[in-house]
Amino acid sequence: MRQERRGLKRQANGRRSKKTPTQLALRFGAVLAAVAVWLVAAAGVSGAQETPSQPPDRQALLELYDATDGPNWRKAASWGSEAPLGYWHGVTIDREGRVIALRLPDNGLSGELPTGLGALDRLEVLDLSYNEIVGEIPGELGALSGLRVLDLNSNRLERPIPPEIGDLAQLEVLNVRNNGLWGALPTELGELAVLRVLDVRTNSFSRPIPAEFGGLASLTHFHGSGNRFSGEIPVELGALEHLEWLDLSRNQLEGAIPAQIGDLSSLRWLDLSANRLTGEIRAEFGGLDSLLRLNLSHNDLSGLLPAQLGTLDQIEELLLSANELSGPIPPELGNLSTLERLELDRNYFNGSIPSRLGGLGRLTHLILSSNELTGRMPPDLGTLTELRVLDVSNNELSGRIPSQIGSARSLRELDLGGNRLHGVMPSSIGKLTALERLRLDNNELSGAIPHSFGKLAELTVLELHNNNLTGEIPASLGNLASLRHMKLAGNRLSGQIPAALGKLGGLERLDLRYNALSGELPASLSRLVGLTHLWLGSNDLSGPLPPWLGELGNLRWLDVRINHFEGEIPPELGRLGNLVALYLSYNSLSGEIPAELGNLERLQMLMIRRNELSGEIPVELASLANLRWLNLWSNDLTGEIPPELGSLAKLERLDLDENMLRGEIPPELGNLTSLTELWLNNNQLTGSIPAELGNLTNLRRLYLMVNQLSGEIPVELANLEKLQRLYLWGNQLSGEIPPELGILTRLTHLYLIDNRLSGEVPAELGTLTNLQQIFISANDFSGCLPAAWESLETSADDLGALGLPFCPADAP
């Protein structure tokens with residue numbers, strides 16, 4: 001660095017050469033400019049030349065330059081040169097050439113702050129915000145007795161704020177937000193009598209807020225959100241008569257809100273949300289005449305909402321969501337003529353919605369969801385012409401939807417779901433042409449879907465599911481060009497799926513499940529290439545599964561179960577590389593399972609039970625590495641179980657029951673250590689039960705009944721410590737029951753009936769205290785039965801059929 005400065009000096013004092021007239025003119029102009037700069041400096045503005053008697057300022061700046069990677073700053077004009085300090089980028093000096101302001105925001109500074117900054121003893125403004133400064137705040141900054149602004153926000157500073165900052169008697173602004181500072185705020189900050197702005201938000205400060213902050217007589221803004229402050233809010237803050245902004249949200253504050261906060265007559269913004277505050281909302285808050293925003297949401301506040309809040313005649317936002325407030329909503333809130341947002345959701349408010357809320361002419365957001373509100377929706381809400389969001393979902397509202405709601409023409413979101421509303425949906429909703437979300441689901445609405453809904457050109461979400469709607473799906477819904485989600489499930493809609501829905505090019509989710517829709521799938525749906533979820537299950541749809549389904553390359557979920565689809569499964573489904581779930585169960589599909597389904601590498605759920613499929617299980621299914629459920633139950637599948645299925649490491653449930661599978665159970669299934677249920681019953685399986693099944697330590701249900709299995713029950717099954725149901729009945733098993741099964745303490749159902757088992761029933765089985773049912777008859781047991789089984793009424797007939805006595809209660 002010294003060599004660079006020497007080089008600059010040598011260039012300035014280099015040998016003179018003959019100048020052209022143009023060069024001389026330029027040089028003369030430069031001299032005049034320098035004189036002008038000197039004259040300006042005499043007036044005390046940036047650009048003056050410092051006096052030689054003040055070297056510490058230059059040295060301090062050079063230390064900063066060296067410590068924070070100066071050569072890579074975004075702007076560094078004249079830094080490190082012999083030019084006057086007033087020429088250095090971001091530096092302002094006074095008439096004596098001393099540095100009074102250093103402003104280098106968003107300038108690429110990185111590294112630690114040097115302690116030498118404390119030598120800038122006339123500094124008034126230090127702004128190093130939006131850089132990459134690390135380390136700690138030097139305590140030496142406390143020597144800057146004239147400092148008015150200290151702005152270090154949006155860096156990567158760590159460690160606590162040094163208590164020496166409390167010595168800055170002239171400090172008006174302290175901004176250290178968006179850093180990694182931690183520890184307690186120093187109580188010494190409470191001595192900053194002229195401090196106006198204290199911004200410490202989004203750090204990791206902890207411990208209580210110092211009560212000494214009540215002495216910050218000039219404070220107007222206190223930003224403390226996004227830390228880990230604990231303890232109670234100091235009552236002393238109520239003495240800050242000039243405070244306009246108090247934001248302590250997103251901390252761990254607890255206890256009651258001090259009543260003294262209600263004395264802050266200058267307060268315009270009060271945000272205490274996302275803490276652990278308890279107690280009631282103070283009636284004193286009604287005296288905060290200047291308040292524009294009150295946010296107490298996401299706490300544990302309880303009790304009634306004080307009617308005195310209705311006197312906040314300048315309030316624009318009243319946000320009390322996610323507390324434990326109860327009682328009625330005060331009608332006095334209808335007096336808040338300036339109110340724009342009222343959010344009371346996720347509480348326990350009861351009673352009716354006050355009709356006086358219809359007089360809040362500036363209201364844009366009314367959110368009352370997830371309470372216990374009853375009664376009818378006030379028609380007066382239709383007069384709220386500025387209202388953009390109306391959410392009263394998940395209450396107990398009843399009656400009809402008032403037709404007047406169609407007059408709230410600014411509505412973008414209308415959510416009335418999860419109530420007890422009945423009757424027909426008013427066609428006037430079709431007049432809400434700005435509407436983007438319409439949710440009327442989970443009510444008792446009846447009648448047809450109004451054709452006028454097709455006029456809602458901005459609609460992106462339409463949810464009418466779980467009602468009693470009847471009639472056909474209106475073809476006019478195909479005009480909703482902006483629609484992304486359509487959910488009409490759980491109604492009694494009939495007729496065919498309108499071909500017009502194929503015009504919904506942006507549709508991502510189509511849910512028509514649990515209706516009475518009939519006919520074939522319209523080919524126009526092949527144009528819905530953005531579709532990610534197609535739910536058509538539980539209808540009366542028929543015909544073949546169309547091959548064009550394989551063209552919907554974004555599909556993640558395809559559900560057509562419980563319909564009347566027939567024919568073969570299209571091999572084109574193997575092209576759906578994003579598919580996660582494929583539900584084809586309960587149809588009349590026939591033919592073989594396409595080997596192409598083995599290409600669905602993201603597939604987690606493959607459900608094709610209760611169809612008429614034949615042929616063997618394709619070995620290609622072993623390629624489905626993400627598969628969690630494989631359910632082929634109740635088909636006509638033949639051949640052996642592919643041992644390759646043992647490679648499906650994520651498989652949790654394997655259902656191959658009620659087919660015509662033969663051969664032995666592959667021991668490789670013992671590799672499926674994530675398996676919780678294994679259903680192989682009602683097949684033609686032979687051979688012994690593989691001991692390797694004892695490796696399935698997560699297994700809860702094992703169903704092997706009604707096969708032709710032989711040999712002994714493997715003692716290794718005792719390793720299945722989570723097993724709850726063991727069904728081995730209807731086979732040709734022989735030998736004795738392993739006494740080790742007595743350690744299966746979670747077992748609730750044990751079915752060994754109709755085998756060739758013999759010997760005594762192990763006394764150890766009497767320790768299975770969770771056992772609810774045991775069926776072991778139609779074998780050849782001897783001896784006595786565990787005494788504990790005598791109380792099993794559900795199995796009394798089966799145990800009686802054995803003709804064996806119960807062992808004495810004290811028998812070993």
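All of these numbers come straight from a predicted model, not from anything done at the bench. Atoms considered below: every heavy atom in the structure, side chains included; atoms not considered: hydrogens, waters and symmetry mates.
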- Item | Short side-chain to backbone donor-acceptor contact, Asn698 and Thr676, under 3.5 Å | no
- Query: Asn635 versus Ile593: any side-chain heavy-atom pair under 4.5 Å?
  - Reply: no
- Item | Euclidean distance, Arg700 CZ relative to Leu675 CG, rounded to 0.5 Å | 11.0 Å
- Task: Give, for atom CD of Glu716 and atom CG of Leu696, the distance between the pair rounded to the nearest 0.5 Å.
- Result: 12.0 Å
- Near Glu601 CD, under 6.0 Å, is it more than 12 heavy atoms from other residues, nucleotides or ligands? no
- Query: If you measure from the Lys or Arg side-chain nitrogens to the Asp or Glu carboxylate oxygens, is any gap between Arg276 and Glu254 under 4.0 Å?
  - Reply: no
- Message: Checking side-chain polar atoms at under 3.5 Å, does Asp345 have a donor or acceptor matched by the opposite partner on Ser321?
- Response: yes
- Message: Would Arg610 and Trp633 count as a cation-pi pair here, with the cationic atom under 6.0 angstrom from the ring centre and within 45° of the axis?
- Response: yes
- Query: Any salt bridge between Glu677 and Arg653, counting N to O under 4.0 Å?
  - Reply: yes
- Message: Quick check for you: to the nearest 0.5 Å, what is the distance between Ile641 atom CD1 and Leu680 atom CG?
- Response: 4.5 Å
- Task: For Ala787 and Ala809, work out which heavy atoms get closest and say how close.
- Result: CB-CA, 3.9 Å
- Just checking, is any N or O donor in the side chain of Asn442 or Asn466 under 3.5 Å from an acceptor N or O on the other one? yes
- Between Ser795 (side chain) and Ile774 (backbone), is there a donor-acceptor pair under 3.5 Å? yes
- Task: Look up atom CD in Gln772 and atom OG1 in Thr748, then write down how far apart they are to the nearest 0.5 Å.
- Result: 5.0 Å
- For the residue pair His533 and Trp535, does the interplanar ring angle fall in the parallel (under 30°), tilted (30 to 60°) or perpendicular (over 60°) class? tilted
- Determine the minimum heavy-atom distance between Pro805 and Gly783, stating which atoms define it. CD-O, 3.7 Å
- Item | Tyr586 vs Arg609 side-chain heavy atoms within contact, under 4.5 Å | yes
- Query: Can you check whether His465's main-chain N or O pairs, donor with acceptor, with Asp441's side chain at less than 3.5 Å?
  - Reply: no
- Query: If we only count heavy atoms from C-beta on, is the Pro544 to Glu520 side-chain gap below 4.5 Å?
  - Reply: yes
- Query: Quick one: does Asp540's side chain get under 4.5 Å of Asn515's, heavy atoms only?
  - Reply: no
- Query: Under 3.5 Å, side chain of Asn419 to main-chain N/O of Glu396, donor-acceptor pair present?
  - Reply: yes
- Query: With no hydrogens and no angle check, is any side-chain donor or acceptor of Asn611 less than 3.5 Å from a backbone partner on Asn587?
  - Reply: yes
- Query: Do Asp798 and Ser777 get their side chains close enough for a donor-acceptor pair, meaning under 3.5 Å?
  - Reply: yes
- Can you list the steps and then say if Leu531 with Trp557 is a side chain to side chain contact (heavy atoms under 4.5 Å, CB included)? CA-CA 9 Å; Leu531 214 57; Trp557 204 292; over 6 Å; no
- State, to 0.1 Å, how close Asn707 and Asn683 come at their nearest heavy-atom pair, and which atoms those are. OD1-C, 3.0 Å
- Item | Criterion side chain to side chain contact (heavy atoms under 4.5 Å, CB included) on Leu445 and Leu469, from CA distance to verdict | CA-CA 6 Å; Leu445 300 170; Leu469 303 177; 4.2 Å; yes
- Task: Determine yes or no for a side-chain-to-main-chain donor-acceptor pair under 3.5 angstrom, with Thr532 supplying the side chain and Glu508 the backbone.
- Result: yes
- Task: Mark yes or no for whether Asn443, through its side chain, and Leu416, through its backbone, hold a donor-acceptor pair below 3.5 Å.
- Result: yes
- Task: Could you walk me through whether Arg602 and Asn578 pass the side-chain hydrogen bond (donor to acceptor under 3.5 Å, both in side chains) test, one step at a time?
- Result: CA-CA 6 Å; Arg602 297 186 181 181; Asn578 291 305; 2.8 Å; yes
- Message: Could you report the tightest heavy-atom contact between Asn755 and Asn731, atom names first, then the distance?
- Response: OD1-C, 3.0 Å
- Does the Asn681 side chain pair with the main chain of Asp657, one donor and one acceptor, at a distance under 3.5 Å? no
- Task: For side chain to side chain contact (heavy atoms under 4.5 Å, CB included), just list the numbers for Trp629 and Gln604, CA-CA rounded to whole Å, side-chain angles, deciding distance to a tenth of an Å, and then say yes or no.
- Result: CA-CA 6 Å; Trp629 278 32; Gln604 298 179 20; over 6 Å; no
- Message: Using a 6.0 Å cut-off, check whether atom CZ of Arg701 has over 12 heavy atoms from anything other than its own residue.
- Response: yes
- Query: Between atom CG of Leu656 and atom OG of Ser634, what is the distance when rounded to the nearest 0.5 Å?
  - Reply: 12.5 Å
- Message: The test is side chain to side chain contact (heavy atoms under 4.5 Å, CB included); show your working for Leu723 and Leu702 and say whether it passes.
- Response: CA-CA 8 Å; Leu723 198 65; Leu702 177 57; 4.2 Å; yes
- Indicate yes or no: at least one non-hydrogen side-chain atom of Asp636 is less than 4.5 angstrom from one of Asn659. no
- Heavy-atom distance under 4.5 Å between the side chains of Leu785 and Leu802, does that happen here? yes
- Message: Looking at Leu325, is its backbone amide N or carbonyl O close enough to the side chain of Asn347 to form a donor-acceptor pair, meaning the two atoms are under 3.5 Å apart?
- Response: yes
- Message: How close do Asn539 and Tyr514 get, counting heavy atoms only, and between which atoms?
- Response: ND2-N, 4.1 Å
- Query: Is any side-chain heavy atom of Asp559 less than 4.5 Å from a side-chain heavy atom of Arg513?
  - Reply: yes
- Item | pair Arg662-Leu685: side-chain heavy atoms closer than 4.5 Å | no
- Query: Under the 3.5 angstrom rule, does the side chain of Asn719 hit a backbone N or O of Leu717 as a donor-acceptor pair?
  - Reply: no
- Query: Which atom pair, heavy atoms only, marks the closest approach of Leu507 to Met486?
  - Reply: CD1-N, 4.1 Å
- Query: Rounded to the nearest 0.5 Å, what separation is found between the CD atom of Glu764 and the CG atom of Leu744?
  - Reply: 12.0 Å
- Message: Please determine whether a side-chain nitrogen of the Lys or Arg among Arg628 and Glu652 lies less than 4.0 Å from a carboxylate oxygen of the Asp or Glu.
- Response: yes
- Query: Cation over ring, Arg561 on Tyr583, under 6.0 Å and within 45°?
  - Reply: yes
